[in-house]
Q: 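Handing you a structure now.
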Amino acid sequence: MAAPVSEPLVAIVNLGRARARGESARVASWAAILAAAGARTERIDLLTDHRSLRFDPAVLRGQAAPETVRWSLRSLRRTLDRITPSAVICVTTRAFHRALAAPGRTVVLDYVDQLSANYAQRAELAGGASGVGLRFLAGAHRRVEQAVLDPAVVRTAAGWSDGRALGAIWVPNVVVDEESRSSRAIDADHDLLFVGTLTYGPNVDALAELDAVWSDILRRRPGTTLLVAGGGRPSSQVTAMVARNRWTLVVEFADLATVAARTRLSVAPLRRASGLQNKVLEAAALGRPQIASSAALAGLAPGFPVEVADTRRELIDAVVTLLDDPVRGETLGRAGRAAVDERYRPDVWAGWAAETVLGAG
């Protein structure tokens with residue numbers, strides 16, 4: 001009798017920052033795709049198990065991200081030699097080094113998003129000393145993104161537009177929580193939902209857009225309510241907007257389904273965004289109708305079914321129209337959930353992962 005074939009092992013290397021929800025979501029997405037492809041995974045958190053402050057000359061040459069000085073390449077390689085994975089996925093350039101390539105091992109550089117653009121956008125919002133630091137990181141990451149890589153390194157990105165800009169394969173985040181499909185706004189006590197980390201500049205900027213149009217929304221639709229849900233300690237700017245407009249603030253929550261069930265419509269009026277916006281993808285999986293900017297949709301395949309609003313007038317009109325037309329909203333919500341089933345489930349990407357990452361093609 002032939003010996004059973006063991007499942008291939010894939011190491012998912014990431015910084016492992018405790019409050020980095022986007023990073024954790026990306027790691028979970030990779031794990032789900034690879035499980036569907038028949039592989040087991042081991043997560044390696046660099047800042048927990050391989051922390052170091054040793055300068056690498058590759059940073060000066062533009063071949064490694066500045067953040068790589070915070071972890072030990074030598075320690076990581078010892079771990080990889082011990083567990084002998086058939087593939088290594090590095091989540092962002094911050095967790096990647098060229099020296100990880102080895103014979104018989106696939107290395108994936110998962111940009112996730114275009115970090116040079118991400119840092120540049122945040123620099124615009126931050127200003128001051130923080131803005132200077134972010135502009136430095138934007139320039140450093142631009143050099144890394146433009147560096148010539150070993151052709152054997154597989155390059156991927158979670159965002160559709162980021163993948164095109166970086167010349168990388170688009171591998172979106174996937175929805176893994178099947179219970180989300182049954183969530184409905186039966187007992188909704190709020191009209192609108194905005195969700196996101198409340199310490200992240202682009203999210204605060206999006207709330208400022210809602211703040212700017214709120215009086216006009218109330219003038220056209222008196223009594224409209226908004227629930228703001230997010231992680232992180234809200235800034236004084238956020239708490240001031242919440243108080244001024246009598247919005248409801250929920251800081252930290254178990255899952256999106258819990259707060260989404262309290263609302264009728266999700267809004268994501270981001271003026272700056274990079275990567276794939278999980279808030280939009282997860283709300284679609286819940287069947288929630290949405291209004292979003294083009295920037296918030298850039299990470300998803302073109303034509304994702306939401307109401308697009310890029311100006312303040314479009315945002316006001318879309319909010320009033322969808323709240324007053326529940327049939328249209330329900331149709332939009334069903335279309336969003338169908339789009340998730342078609343392109344953003346683990347099994348959809350399992351065949352690609354088996355062939356490209358596991359080498360089973």
Side-chain angles (χ1 to χ4, degrees), residues 3-16 23 26-112 115 140-141 143-158 163 166-169 171 349-361:
V5 178
S6 61
E7 294 177 315
L9 172 65
V10 179
I12 305 178
V13 181
N14 70 120
L15 288 186
E23 183 179 284
R26 186 59 171 169
V27 171
S29 183
W30 272 114
I33 291 171
L34 291 163
R40 56 193 177 94
T41 57
E42 182 165 334
R43 174 173 174 162
I44 298 178
D45 295 341
L46 294 174
L47 298 186
T48 300
D49 301 321
H50 303 281
R51 183 181 287 274
S52 172
L53 286 175
R54 184 174 181 177
F55 182 71
D56 186 342
V59 175
L60 288 179
R61 297 193 297 267
Q63 297 175 336
E67 294 90 337
T68 58
V69 303
R70 300 173 61 191
W71 53 269
S72 169
L73 173 62
R74 181 180 300 178
S75 177
L76 173 60
R77 291 177 74 175
R78 282 199 299 264
T79 295
L80 295 177
D81 289 343
R82 175 177 56 82
I83 66 175
T84 61
S86 59
V88 176
I89 296 175
C90 301
V91 177
T92 80
T93 51
R94 293 175 289 207
F96 171 79
H97 199 286
R98 291 165 176 256
L100 295 176
R105 174 196 296 164
T106 300
V107 175
V108 177
L109 167 52
D110 181 27
Y111 290 111
V112 183
L115 276 173
H141 276 273
R143 291 179 66 197
V144 175
E145 291 164 358
Q146 293 172 351
V148 177
L149 291 175
D150 183 333
V153 174
V154 178
R155 295 179 297 158
T156 61
L166 294 164
I169 301 167
V171 182
W349 293 92
W352 171 87
E355 180 178 351
T356 305
V357 180
L358 306 178

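Since this is a predicted model, take the numbers as computed values, not measurements. Heads up: numbering here begins at 1 and tracks the sequence.
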Q: Once you round to the nearest 0.5 Å, how far does CZ of R51 lie from CZ of R70?
A: 6.0 Å

Q: Are the side chain of R43 and the backbone of A28 linked by a donor-acceptor contact shorter than 3.5 Å?
A: no

Q: Any side-chain heavy-atom pair from N14 and T92 closer than 4.5 angstrom?
A: no

Q: Can you tell me how far OG of S86 sits from CZ of R40, rounded to the nearest 0.5 angstrom?
A: 9.0 Å

Q: Are side-chain N/O atoms of H141 and E67 paired as donor and acceptor at under 3.5 Å?
A: yes

Q: Kindly give the heavy-atom pair with the smallest separation between A87 and R105, and that separation in Å.
A: CA-CG, 4.2 Å

Q: Taking side chain as C-beta onward, heavy atoms only, is L9 less than 4.5 Å from E42?
A: yes

Q: Do D56 and T68 get their side chains close enough for a donor-acceptor pair, meaning under 3.5 Å?
A: no

Q: One pair to check against side chain to side chain contact (heavy atoms under 4.5 Å, CB included): W30 and T41. What are the steps and the verdict?
A: CA-CA 9 Å; W30 272 114; T41 57; over 6 Å; no

Q: Working to the nearest 0.5 Å, report the span between NE2 of H50 and CZ of R78.
A: 9.0 Å

Q: Do L109 and T93 make a side-chain contact, defined as non-hydrogen atoms from C-beta onward lying under 4.5 Å apart?
A: yes

Q: Does V91 reach the side chain of V112, with side-chain heavy atoms less than 4.5 Å apart?
A: yes

Q: Do you know the tightest heavy-atom contact between A353 and I33?
A: CB-CG2, 3.7 Å

Q: Ignoring hydrogens and geometry, is there a side-chain-to-backbone donor-acceptor pair from E145 to L115 under 3.5 Å?
A: yes

Q: Does any non-hydrogen side-chain atom of W71 lie less than 4.5 Å from one of L76?
A: yes

Q: Verify side chain to side chain contact (heavy atoms under 4.5 Å, CB included) between V154 and T106, making sure each step is shown before the conclusion.
A: CA-CA 8 Å; V154 178; T106 300; 4.1 Å; yes

Q: Does any part of the side chain of T79, heavy atoms only, come nearer than 4.5 Å to the side chain of D49, both counted from C-beta?
A: no

Q: Of all the heavy-atom pairs spanning L60 and R143, show the shortest one and how long it is.
A: O-NH2, 3.0 Å

Q: With a 4.0 Å cut-off, would you call R26 and D110 a salt bridge?
A: yes

Q: Would you mind reporting whether V357 and W349 have side-chain heavy atoms less than 4.5 Å apart?
A: no

Q: How close do A39 and V10 get, counting heavy atoms only, and between which atoms?
A: CB-CG2, 4.3 Å

Q: Which atom pair, heavy atoms only, marks the closest approach of A37 to L358?
A: O-CD1, 3.8 Å

Q: Tell me, do R94 and L47 make a side-chain contact under 4.5 Å, heavy atoms counted?
A: no

Q: Just do the side chain to side chain contact (heavy atoms under 4.5 Å, CB included) check on C90 and L100 with the steps written out, would you?
A: CA-CA 10 Å; C90 301; L100 295 176; 3.6 Å; yes

Q: Nearest heavy-atom pair of L166 and R155: which atoms, and what distance?
A: O-NH1, 3.4 Å

Q: Could you go through the side chain to side chain contact (heavy atoms under 4.5 Å, CB included) check for L80 and I44 one step at a time?
A: CA-CA 10 Å; L80 295 177; I44 298 178; 3.9 Å; yes

